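We use all heavy atoms of the structure for the numbers below, so side chains are in, but hydrogens, waters and symmetry mates are not. Given the structure is predicted, the values throughout are model-derived calculations rather than measurements.
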Amino acid sequence: MAVVPQEAIHQFEAMIEDVDESLKRTFQSMHQGYPHETLMRFLKAREGIVSKAYEMLVDCLKWRVENDIDDMLAKPIVPVELYRAIRDSQLIGMSGYTYEGLPVFAAGVGLSTLDKASVHYYVQSHIQINEYRDRVILPAATKKYGKHISKCVKILDMTGLKLSALSQIKLMTIISSVDDLNYPEKTLTYYIVNAPYVFSACWKVVKPLLQERTKRKIQVLSGCGQDELLKIMDYSALPHFCRKRGSGSGSSRNSDNPANNCFSLNHPFHQQLYKYTKEQFLIRHHAEPVKQGSVHVTLPEDADEEDIAKILESELEKFKGLERYPSLTDLKISDDK
């Protein structure tokens, strides 16, 4: 990876000062108080070439504005049955932290079917996890460990992988492109575990689609990877599929305790993420002016209480079905205290 000279960073900073205000606002949301480090990520992603890094960052900022990414965490996926279906078919989660404080994210590549929702919802879910990582998880880790933490590690479980998984190559390419172009240098290492014999055949198809800088970060571990991974994290931080069970290895689907399955909707990570999106939705909702919250009713001078009640009830009936936002009653996935 190219060493980025200080002069290049200063030049990059000056160029970003001239972008439109809308791009500056989303850049502020993206860098979370670390603009220098964010510019460094884009420079590294473009081998230290300032012009290419600038083009990449501006394209990213435009993508954020055009797709309303700053408000992505205020858009819970509803109804909850749809969100549960996504979680059951797009196996992603967070299991803990490395000794260095990097969040450990896991993906059940082999058993993810990606067939329970439209491409739009799978991409939305992936972006929400990215934004939650960058705006909540990483800042909290930075505070906890007393140093700036901007990366994570990812463990990819190939349990159950079949050649038929290549039928989802289009969606996987879209998600990979979102990460490569808009969240560069956010992953330190990709660990591949539980790779079956068909992995080599699938890898030959997928590998050419990946960026060179991504391919350099991939490590294929033996078996479930427990022995190697314990060098960088505690046992409690291991995803369930990396924990040895007798002579065998783990599985993306199974766990002795469902709450320990980092893919499950019942896992603390997903509970906290979904609760956060609900809270952000409510904050956004309450901050906006109520456009349908009042009505003028003319009452006869001689109307009694019964007549008034009937007139008001009749007027209120007109507002049924006009809610601007989906009901929040279906958003609850656990008993929040």
- Message: If the condition is side-chain contact (heavy atoms from CB on, under 4.5 Å), which residues does Pro184 pass it with, not counting sequence neighbours?
- Response: Arg41, Phe42, Ala45, Met56, Arg213
- Message: I'd like to know whether NZ of Lys143 has more than 12 heavy-atom contacts from other residues, nucleotides or ligands below 6.0 angstrom.
- Response: no
- Task: Could you tell me the separation between the CD atom of Gln168 and the OG1 atom of Thr173, rounded to the nearest 0.5 Å?
- Result: 11.0 Å
- Is there a side-chain contact between Glu47 and Lys52 (heavy atoms, below 4.5 Å)? no
- Message: Within a 6.0 Å radius of atom CD on Gln28, are there more than 12 heavy atoms belonging to other residues, nucleotides or ligands?
- Response: no
- Item | Single-linkage hydrophobic cluster Ile169~Leu181, side-chain heavy atoms < 4.5 angstrom | no
- Message: Test: side chain to side chain donor-acceptor pair (under 3.5 Å). Region: residues 222-232. Which pairs qualify, not counting sequence neighbours?
- Response: Asp227-Lys244, Glu228-Lys231
- Query: Can you find a heavy atom in the side chain of Ile16 that is under 4.5 Å from one in the side chain of Phe12?
  - Reply: yes
- Task: Answer with yes or no whether the hydrophobic clustering places Leu57 together with Ile49; edges join I, L, V, M, F, W, Y residues whose side-chain heavy atoms lie under 4.5 Å apart.
- Result: no
- Message: Would you say CD of Glu13 has more than 12 non-hydrogen atoms from neighbouring residues, nucleotides or ligands within 6.0 angstrom?
- Response: yes
- Donor on one side chain, acceptor on other, Gln90 and Ser125, under 3.5 Å: yes
- Which residues pass the side chain to side chain donor-acceptor pair (under 3.5 Å) test with Gln211, sequence neighbours left out? none
- Query: Once you round to the nearest 0.5 Å, how far does CG of Asp179 lie from OG1 of Thr214?
  - Reply: 8.5 Å
- Could you give all pairs that pass the ring-ring contact (aromatic ring centres under 6.0 Å, His included) test and reach residues 138-167, with sequence neighbours left out? Tyr34-His148
- Query: Looking at side-chain heavy atoms only, is the closest gap between Phe241 and Asn194 below 4.5 Å?
  - Reply: yes
- Within the distance-only criterion (no hydrogens, no angle test), does the side chain of His270 pair as donor or acceptor with the backbone N or O of Met94 below 3.5 angstrom? no
- Would you check if Lys24 and Glu17 make a side-chain contact, meaning some heavy-atom pair closer than 4.5 Å? yes
- Task: Provide the closest heavy-atom pair for Ala141 versus Ile149 in the form atom of the first, atom of the second, distance.
- Result: O-CD1, 3.7 Å
- For Glu212, check side chain to side chain donor-acceptor pair (under 3.5 Å) against everything at least two apart and list the hits. Lys215
- Task: Taking the side chain as every heavy atom from C-beta outward, state whether Leu82 and Pro79 have any atom pair closer than 4.5 Å.
- Result: yes
- Can you name the side-chain contact (heavy atoms from CB on, under 4.5 Å) partners of Lys144, sequence neighbours left out? none
- Partner of Glu185 under salt bridge (charged side-chain N to carboxylate O under 4.0 Å, His left out), chosen from Lys44, Lys151, Arg46: Lys151
- Item | For Glu55, all residues meeting side-chain contact (heavy atoms from CB on, under 4.5 Å), sequence neighbours excluded | Asp59
- Query: Once you round to the nearest 0.5 Å, how far does CD1 of Ile232 lie from CG of Leu238?
  - Reply: 9.0 Å
- For Asp70, does its backbone N or O pair with a side-chain atom of Arg135 as donor and acceptor, under 3.5 Å? yes
- Pair Phe27 and His31, ring centroids less than 6.0 Å apart: yes
- Taking atom CG of Leu171 and atom CD1 of Ile175, what is their separation to the nearest 0.5 Å? 4.5 Å
- Message: For a quick test of reading the model, state the closest non-hydrogen atom pair linking Lys186 to Ser150 and the distance between them.
- Response: NZ-O, 3.1 Å
- Any side-chain heavy atom of Arg64 sitting closer than 4.5 Å to one from Ser29? yes
- Message: Could you walk me through whether Gln32 and Leu138 satisfy the side chain to side chain contact (heavy atoms under 4.5 Å, CB included) test, starting with their C-alpha distance in whole Å, then the side-chain angles of each, then the deciding distance to 0.1 Å, before giving a yes or no?
- Response: CA-CA 10 Å; Gln32 290 292 304; Leu138 291 175; over 6 Å; no
- Message: Please evaluate residues Ile129 and Tyr132 with respect to the criterion side chain to side chain contact (heavy atoms under 4.5 Å, CB included), reporting the C-alpha separation (whole Å), side-chain torsions for both, the decisive distance (0.1 Å), and the verdict.
- Response: CA-CA 5 Å; Ile129 291 176; Tyr132 188 70; 5.7 Å; no
- Aromatic Phe263 / basic Arg87 pairing, under 6.0 angstrom, 45° off normal: no
- Which atoms form the tightest heavy-atom contact between Leu73 and Gln280, and what is the distance? O-CB, 3.3 Å
- With no hydrogens and no angle check, do the side chains of Asp115 and Thr113 hold a donor and an acceptor under 3.5 Å apart? yes
- Look at the side chain of Asp234 and the backbone N and O of Ser236, then say whether any donor-acceptor pair between them is shorter than 3.5 Å. yes
- Pairs flagged by ring-ring contact (aromatic ring centres under 6.0 Å, His included) wherever residues 175-230 is involved - sequence neighbours left out: Phe199-Trp203
- Flag, side chain of Thr98 to backbone of Glu100, donor-acceptor distance under 3.5 Å: yes
- Note on the structure: Looking only at heavy atoms, the pair that brings Ser95 and Ala237 closest together is OG-O, 2.6 Å
- Message: What I want to find out is whether Glu81 reaches Arg84 closely enough, with some N-O distance under 4.0 Å, to be called a salt bridge.
- Response: no
- Item | Closest heavy-atom pair and its distance - Ala195, Ile192 | CB-CG2, 4.4 Å
- Item | Sidechain-backbone polar pair: Gln128 side chain, Met72 backbone, donor-acceptor under 3.5 Å | yes
- Task: Find out whether Met30 and Asp134 are in side-chain contact, i.e. whether some heavy atom of one side chain is under 4.5 Å from a heavy atom of the other.
- Result: no
- Check whether any side-chain N or O of Thr26 sits under 3.5 Å from a backbone N or O of Leu23 as a donor-acceptor pair, and report yes or no. no
- Please step through side chain to side chain contact (heavy atoms under 4.5 Å, CB included) for the pair Cys262 and His240, ending with a clear verdict. CA-CA 7 Å; Cys262 62; His240 57 280; 4.2 Å; yes
- Item | Qualifying ring-ring contact (aromatic ring centres under 6.0 Å, His included) pairs with a residue from residues 94-127, counting only residues at least two apart or across chains | Phe105-Phe269
- Euclidean distance, Leu161 CG relative to Leu111 CG, rounded to 0.5 Å: 9.0 Å
- side-chain contact (heavy atoms from CB on, under 4.5 Å) partners for Lys170, two or more places apart: Ile174
- Query: Can you list every pair that meets ring-ring contact (aromatic ring centres under 6.0 Å, His included) and has a residue in residues 45-74, with sequence neighbours left out?
  - Reply: none
- Message: Counting C-beta onward and ignoring hydrogens, is there a side-chain heavy-atom pair between Cys152 and Leu188 closer than 4.5 Å?
- Response: no
- Query: Could you go step by step and tell me if Ile218 and Leu210 meet the side chain to side chain contact (heavy atoms under 4.5 Å, CB included) rule?
  - Reply: CA-CA 11 Å; Ile218 295 174; Leu210 301 177; 3.9 Å; yes
- Quick one: CG on Leu91 to CG on Leu156, what's the gap to the nearest 0.5 Å? 12.0 Å
- Message: Looking at every heavy atom in both Leu229 and Cys224, which two are closest together, and how far apart are they?
- Response: CD1-O, 4.4 Å
- Sorted by chain and number, sequence neighbours left out, side chain to side chain donor-acceptor pair (under 3.5 Å) with Asp68 holds for Lys75
